Amino acid sequence: MKKTATEMILFHQKVRGCNNFIFQDLGEFMPNGKTHMLVGAGVGLGVALIDKDKHQISHNPAFGAFIGAISGKLPDIIEPALNPNHRQFFHSYTVMTASIAAILKVYKWSPDTNFEKLIRGFVLIGGCAYLSHLICDSTTPKGLPLVGKL
Ligand SMILES: [Zn+2]
């Protein structure tokens, strides 16, 4: 039997007399760290494989997956899930829109030097993985804030 969030909160208030354990249980309502890293790794690998302008380091499939996994978790590293309102500025639709704009800009950029190619690869892969986190979170009942607090 699946309990609703409210039932679980009431249960913990009754049984433990405090609210400290609520959020662990609410975890099942939001993608956890492992899911975000897995999705990020998949996105990073995908971008590394399909991007047109590859660099031997940033677009190495294993490295792409690694950067993706870290970047996929990044929003929850900046704003850890310690309470149900942890999603603020770095989880917001504002940052989501800005990151889409940045990704498109970086995607169109044709770097001249090898180092610039590396930077482009990092930002593109990391940006897409970060975005995957916000997209996953936006599908949960709690959603994302429009701007959020800094
Ligand atoms: Zn998150």
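Read the numbers this way: they start at 1 and go in the same order the structure lists the ligands and their atoms. Being a predicted model, the structure only gives us computed values, none of them experimental. Starting from 1, each residue takes its place in the sequence as its number.
Around the Zn ion (ligand 1), protein N, O or S atoms at a distance under 2.8 Å total 4; waters are neither shown nor counted.
With sequence neighbours excluded, the residues forming a ring pair (Phe, Tyr, Trp, His ring centres under 6.0 Å) with F63 are F122, listed by chain and number. For K117, the salt bridge (Lys or Arg N to Asp or Glu O under 4.0 Å) criterion is met by D53, not counting sequence neighbours.
Using modelled atom types and a 3.5 Å distance limit, the side chains of H36 and D137 yield a donor-acceptor pair.
The side-chain tip of K73 does not point at the ring of Y130 from less than 6.0 angstrom away and within 45° of straight on.
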Could you go through residues 39-47 and list every donor-acceptor pair under 3.5 Å that involves a side-chain atom there, pairing it with any protein atom two or more places apart or in another chain?
none

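Checked by atom type and distance alone, the side chain of T139 pairs as donor or acceptor with a backbone atom of C136 at under 3.5 Å.
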